[in-house]
Amino acid sequence: MSVIMAVRWEEERYTDGVKWKFLEHKGPVFAPPYEPLPSNVKFYYDGRPMKLSLEAEEVATFFAKMLDHEYTTKDVFRKNFFKDWRKEMTSEEKAKITDLNKCDFSEMNEYFKAQSEARKAMTKQEKQKIKEENERLLLEYGYCVMDNHRERIANFRIEPPGLFRGRGDHPKMGMLKRRIRPEDIIVNCSKDSEHPKPPPGTKWKEVRHDNKVTWLVSWTENIQGAIKYIMLNPSSRIKGEKDWQKYETARRLKKCVDSLRAQYREDWKSKEMRIRQRAVALYFIDKLALRAGNEKEEGETADTVGCCSLRVEHLNLYPEKDGQEYVVEFDFLGKDSIRYYNKVPVEKRVFKNLQLFMENKQPEDDLFDRLNTTILNKHLQELMDGLTAKVFRTYNASITLQQQLKELTSAEENVSAKILSYNRANRAVAILCNHQRAPPKTFEKSMQNLQTKIDAKKEQLADAKRELKIRKYLPGGKEQLMKLEVQATDREENKQIALGTSKLNYLDPRISVAWCKKWGIPVEKIYNKTQREKFAWAIDMADEDFEF
DNA sequence: GCTTGGACTTGCCCTCAGTACC
DNA sequence: GGTACTGAGGGCAAGTCCAAGC
């Protein structure tokens, strides 16, 4: 590590939860006020035009903007929306508008579509003006001073009002997410800083000076009653240091994971049910990189589970399947309602335990009825300081990347082939962590385009050969062709897999940096600008023989 | 002990700006 | 100069984990 950066990353380590000594910022940027519809754009009820009050009109526009989305046809969405919309209506409106099916938002919808077209068709100068305004806003509100550093803020804009969507089958979809006003805002900054000023004629809910937290601004959202925060960018000292710490914890797990595994295997035989359950759950978390699985309040969110909250209905046991013994089939919705489907052969003891846990239970009963995340994490804490369920995900992701890179990279490959290998290693991790994505809408098209390019290049090479200009044109051309073909392979393999999440959250960046240095790959090929900023600590720290 | 609230990380999707291409 | 395409970044929901409050 260089001396200068050692200072940057190691300065001012506070104790007892103190996160900073000085914090100054300009507060949040509020959503722009509602702009009423022009009088020629009408809402129709039961076929007749109807002028809405400003409040009711605003909420109606939220719905009108979404008309093309499938979810506006869903019962739950419509019911929730209508209920909340009615709350914004005057008593006259309420009396008249009693059936959402009689509401016609299509003219409003057309208007917004036209507006968005108009925005696209703006002249260069107009676009430039908007860009400059955004830059000005960023400069004024996008930075803060935390201790001795000017730091970028991650999200300085307050979320605008709209209709809540949620992910998966969310019981609250369609509800009104209300507008946040200065009176809802808690500002956090240091006493000796220049406090942010609320917009003229308004007041903050509170100005606080809590240096044991990292947030600058908070408010409570009305859908779940959860607190939302404005915090610093991942490039900031405070986030970087935390990130580094996270990977150091995972590396400590590496040192004791063998004995820990031996321990939970022993526990599969325990006399106590709770210990067996704990041990099997931990095995899943370790082997399959499952999330912890906190309990959730029923009816408040989509029905999703993690390891500790698995239910009997989420797995099938096969003493034998496809020529393998003791196969467990998992099928459940995890975080963000992403499906986890996997068939895994497990050890006989695990299998027998699972049979035991499922005995005399209904499909909707908890698989691990003597376990929850609190119990599990308490246990883990006793095994290693700072150990929690999610450390296993970080550890297994990072160690997998390191192993895969070792296995897949060959010295004689060129740079683009090496990058393909890197992406494949990254992909192995994404698959382990079940990081999926919807195939991009333009996927087929973009594959086609690439194929066209490849064909053209082949043609070009063939021409060159025919004209006996081999020596002159072939070497570079061949290289280019290979690059395109590698790119096509990479893209195809990536169709339904998202690499970003693991890259950003699970893979110790020092592994990647070390790999780049070892093979002479510019780090820019692996990390874009933002990622390099986020991982500045690692880029500076890791040399080519860094070992996770 | 249990519940709830709070802080912070993780996660997917969409938009939009920058760039390649014609 | 216009259009098409793509990657980056923003947006914000949904997790994890811990500790305060009862």
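Each chain gets a letter, A, B and so on, in the order its sequence line appears, and its residues count up from 1. Atoms considered below: every heavy atom in the structure, side chains included; atoms not considered: hydrogens, waters and symmetry mates. Small disclaimer: the values here were computed from a predicted structure and weren't measured.
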Hey, does [X] reach any base, or is it just sugar-phosphate, or nothing, if we go heavy atoms under 4.0 Å?
X: A:K172; answer: nothing
X: A:T373; answer: nothing
X: A:K503; answer: nothing
X: A:R532; answer: nothing
X: A:I338; answer: sugar-phosphate
X: A:A226; answer: nothing
X: A:K246; answer: sugar-phosphate

Practice task
Without swapping roles, check the side chain of A:Q531 against the backbone of A:N528 for a donor-acceptor pair under 3.5 Å.
Solution key: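 Yes.
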For [N], does either OP1 or OP2 sit under 4.0 Å from a side-chain N or O belonging to [X]?
X: A:R393; N: B:dG11; result: yes
X: A:K131; N: B:dG18; result: yes
X: A:Y506; N: B:dG11; result: yes
X: A:T501; N: B:dT10; result: no

Might you list the N or O atoms of the protein lying below 3.5 Å from N or O atoms in nucleotides 12-15 of chain C, with each pair's distance?
| unit_1 | atom_1 | unit_2 | atom_2 | d |
| --- | --- | --- | --- | --- |
| C:dC12 | O2 | A:R167 | NH2 | 3.4 |
| C:dA13 | OP1 | A:K177 | NZ | 3.2 |
| C:dA13 | OP2 | A:K228 | NZ | 2.4 |
| C:dA13 | O4' | A:R167 | NH2 | 3.1 |
| C:dA14 | OP1 | A:R167 | N | 2.7 |
| C:dA14 | OP1 | A:H170 | ND1 | 3.1 |
| C:dA14 | O4' | A:D336 | OD1 | 3.4 |
| C:dG15 | OP1 | A:T304 | OG1 | 2.9 |
| C:dG15 | OP1 | A:D336 | N | 3.1 |
| C:dG15 | OP2 | A:K296 | NZ | 2.8 |

Practice task
Consider the side chain of A:Y229, meaning its heavy atoms from C-beta on, and name the nucleotide among B:dC8, B:dC13, C:dA8 that approaches it most closely.
Solution key: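 Taking heavy atoms from C-beta onward, the closest nucleotide is B:dC8.
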Practice task
Assess A:R150 against A:Y143: is NZ or CZ under 6.0 Å from the centre of the six-membered ring, and within 45 degrees of the ring's axis?
Solution key: yes
Exercise for the section: Please report the C-alpha distance between A:I497 and A:Q436 in whole Å, then the side-chain angles of each, then the deciding distance to 0.1 Å, and finally whether the side-chain contact (heavy atoms from CB on, under 4.5 Å) criterion is met. Expected result: CA-CA 5 Å; A:I497 298 167; A:Q436 300 185 26; over 6 Å; no
Exercise for the section: Compute the centroid of each ring, for A:F63 and then for A:W85, and state whether the two points are separated by less than 6.0 Å. Expected result: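 Ring centroids of A:F63 and A:W85 are no less than 6.0 Å from each other.
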